J.: 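Got a structure here, written out as structure tokens. Questions coming.
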Amino acid sequence: MTALQERLIDVAGVKTRVLSGGAPNAAATLFLHGAIPGVTPYCGGAHIWGEAPAAFLQHRHVIMPDLPGSGGTVQGAEALTVDTLGRHVMDMLSALSLQSVDVVGHDLGGLLGIWMGLSHPARVRSLSIIASPMCPPTADGFDNILLASPPQPLWSRESQAWALERLSQVHTHIDASLLDACAAAGRGEAHRKAVEYMNTSYAGVFAPSMNRARHRLWQACHNDGLQVPTQIVWASHDPATSREHAMVLFNAIASRQPATQLHVVNRSGSFPFREQPAAFVHIVAAFEEGVLRETP
Amino acid sequence: MNVHTAPGGQAVMPAAQTIDIDGVETIYYAAGSGEPIVFIYGGNFGSAESASSAHVWNLNFVPLAQRFRVISFDKLGQGFSGNPLRDEDYTMAAVVRHAAAFIAALKLPPVHLVGHSRGGFAAVRIALEYPHLVRSVTIVSSGTLSPRVGTNDVALSGCPHPPFTRESGRWIYQGYCYSPASVTEEWIDRVYEVLQLPKYRVSVKKMVDEQLGVRFFAPQLAKQKRETLQWLREGRLQRPTQIVFGRNDPTVATEGAFDLFEMIGAHQRKTEVHIFNQAGHFSYREHPERFNALLGGFVDLVDRW
């Protein structure tokens, strides 16, 4: 077993920051962080996962990238969309010689996990979608006022602290190391470029790509379904998405995918892996283990 | 190791053991070492078409015995254990007293209770009334505990087969399950064994012919259910709890799992709720690999939560 180590790998021309470690020959778990780069008022990146992934190092090979537009990974020449992010992740797995992985996706990372499961089901052993308001249907919802008035300047340490607290039930996980990492990400080139890009392309390019990814899922649920064992992990007090949203997503996927499970973590907001890390580790590890044992 | 998997993958329970609990001969199975897990199955004495026994947990008991001390026992009047000694003990309260006395008699450290259906209700009552015996509670698909409308009567009425037959047992359990194929002949063998026991026929006579079901069991359970839900709302359940329901259970609405989660979780941080797809009333038999991973992981979690 090795501790998490940072490296930069070339993924189709994009220098990608990846943390990896654990048992090198064991099954791999891929952690995909959330937050829409340049839009969400806190900066996503591998740093968001906190201590939880370390619990997987003993029995698993752990991979945690900064997705393009976040943390230490500057986006390439391609437009940033759910599709290009999904393709980037697949290329990264190939660059790491990983045939298949268990995917754990938070927030936008959950939608990327669905994209991967729909596009490359053979390469996703299981999918855990963690507190992801992007995945359930959004038609004719309310305007979202949760993060409507962030303190300025945006993406400063103080502004991000505000956003993280607005999204959380338990505030104590918002510690100096998280805020330092978020603030550093906010000063980085990846974030700066993402802000520039999203200023002109969020409404016309990125948001439609999220709609497309969801529509692919609903279509699949009328046909062959999502061909990947899927667990939906929601939180009891997530101000960004409700249990009813989780049920709709669960029922849609469960209509075609036999191995679908739904789990609610108690006393948590949008970051169950930080707010209730022990419960989070248990539920993800149990699903991965159960799916592995069930596989002939 | 005194449990094994027979050729063909059948999980075989170890030899039965016997213990006297307040004058009632009580049958149980025990294996493995580690944190103690006690399984409490569902149903009640006096059902003529189906019958539960400790064997219903074999797909969980046998694999989990590799890591834990696992115990499955026959409740008062069910399986191979003796019937209630007095008519007025044909009640859930007597079942709970007997179960708690059995657990106490094992002289184990506080146990992880896993109760299914009526057994989920019993597990919660034990945790409420005898908290010193209990380390955690897992409630599996319990309509008895759920505040929602129970639909057993709708889903399982009109069995087309005569009572006390393999066919009636198979029909009832297939009605409970998502996949009829999950009701194996090996399961039905165990059901039929119990249905044939003379003492079991006595319990049916008592509950149905002598009307102990309507005179004692049902009204007492209704009273205890009101009290139990009130106690849950008050925060009296003070042990880590997970609630596991099946999405396709024809007898218990999934929403009931969330009702219980909110009642218990409001007072107890260590509360979880989990729903299995393509699972009826018996998720632990329909998806044993994933159920066992969930349960084993929960027991580990309780230690470091």
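Each chain gets a letter, A, B and so on, in the order its sequence line appears, and its residues count up from 1. Bear in mind the structure is a predicted one, so any value in this text is a computation, not a measurement.
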J.: Taking the side chain from N266(A) and the backbone from G265(B), do they hold a donor-acceptor pair closer than 3.5 Å?
T.: yes
J.: Please classify the contact between R269(B) and chain A as side chain, backbone, both or neither, with a heavy-atom cut-off of under 4.5 Å.
T.: both
J.: Take atom CD in E51(A); do more than 12 heavy atoms of anything else shown fall under 6.0 Å from it?
T.: no
J.: Quick one: what part of Q268(B) sits under 4.5 Å from any heavy atom of chain A, side chain, backbone, both or neither?
T.: backbone
J.: Taking non-hydrogen atoms and a cut-off under 4.5 angstrom, which of residues 231-258 of chain A neighbour chain B?
T.: Q231(A), S236(A), R243(A), M247(A), F250(A), N251(A), A254(A), S255(A), Q257(A), P258(A)
J.: Can you list the residues of residues 286-305 of chain B that sit under 4.5 Å from chain A, counting heavy atoms only?
T.: H287(B), E289(B), R290(B), A293(B), L294(B), G297(B), F298(B), L301(B), R304(B), W305(B)
J.: Let me know which of T254(B), V273(B), I275(B) forms a side chain to side chain contact (heavy atoms under 4.5 Å, CB included) with L262(A).
T.: I275(B)
J.: Above 12 or not: heavy atoms from other molecules or residues under 6.0 Å from NE2 of H171(A)?
T.: no
J.: Between A279(B) and chain A, which part of the residue has a heavy atom less than 4.5 Å away: side chain, backbone, both or neither?
T.: neither
J.: Got more than 12 heavy atoms from elsewhere within 6.0 Å of CG, N223(A)?
T.: yes
J.: Before giving the answer on side-chain contact (heavy atoms from CB on, under 4.5 Å), spell out for T260(A) and Q278(B) the whole-Å C-alpha distance, their side-chain angles and the decisive distance to 0.1 Å.
T.: CA-CA 8 Å; T260(A) 309; Q278(B) 296 200 357; over 6 Å; no
J.: Got a sec: does the CD of Q58(A) have more than 12 other heavy atoms crowding it under 6.0 Å?
T.: no
J.: So for atom NE2, which belongs to H120(A), do other residues, nucleotides or ligands contribute more than 12 heavy atoms lying within a distance under 6.0 Å?
T.: yes
J.: Of all the heavy-atom pairs spanning A266(B) and R267(A), show the shortest one and how long it is.
T.: O-NH2, 3.1 Å
J.: Please say whether more than 12 non-hydrogen atoms of neighbouring residues, nucleotides or ligands are located less than 6.0 Å from CG in D189(B).
T.: yes
J.: I'd like to verify something: which residue of E288(A), E289(A), H282(A), R293(A) has the highest number of heavy-atom pairs under 4.5 Å with chain B?
T.: H282(A)
J.: Search all heavy atoms of F258(B) against all heavy atoms of V264(A) and return the closest pair with its distance.
T.: CE2-CG2, 3.9 Å
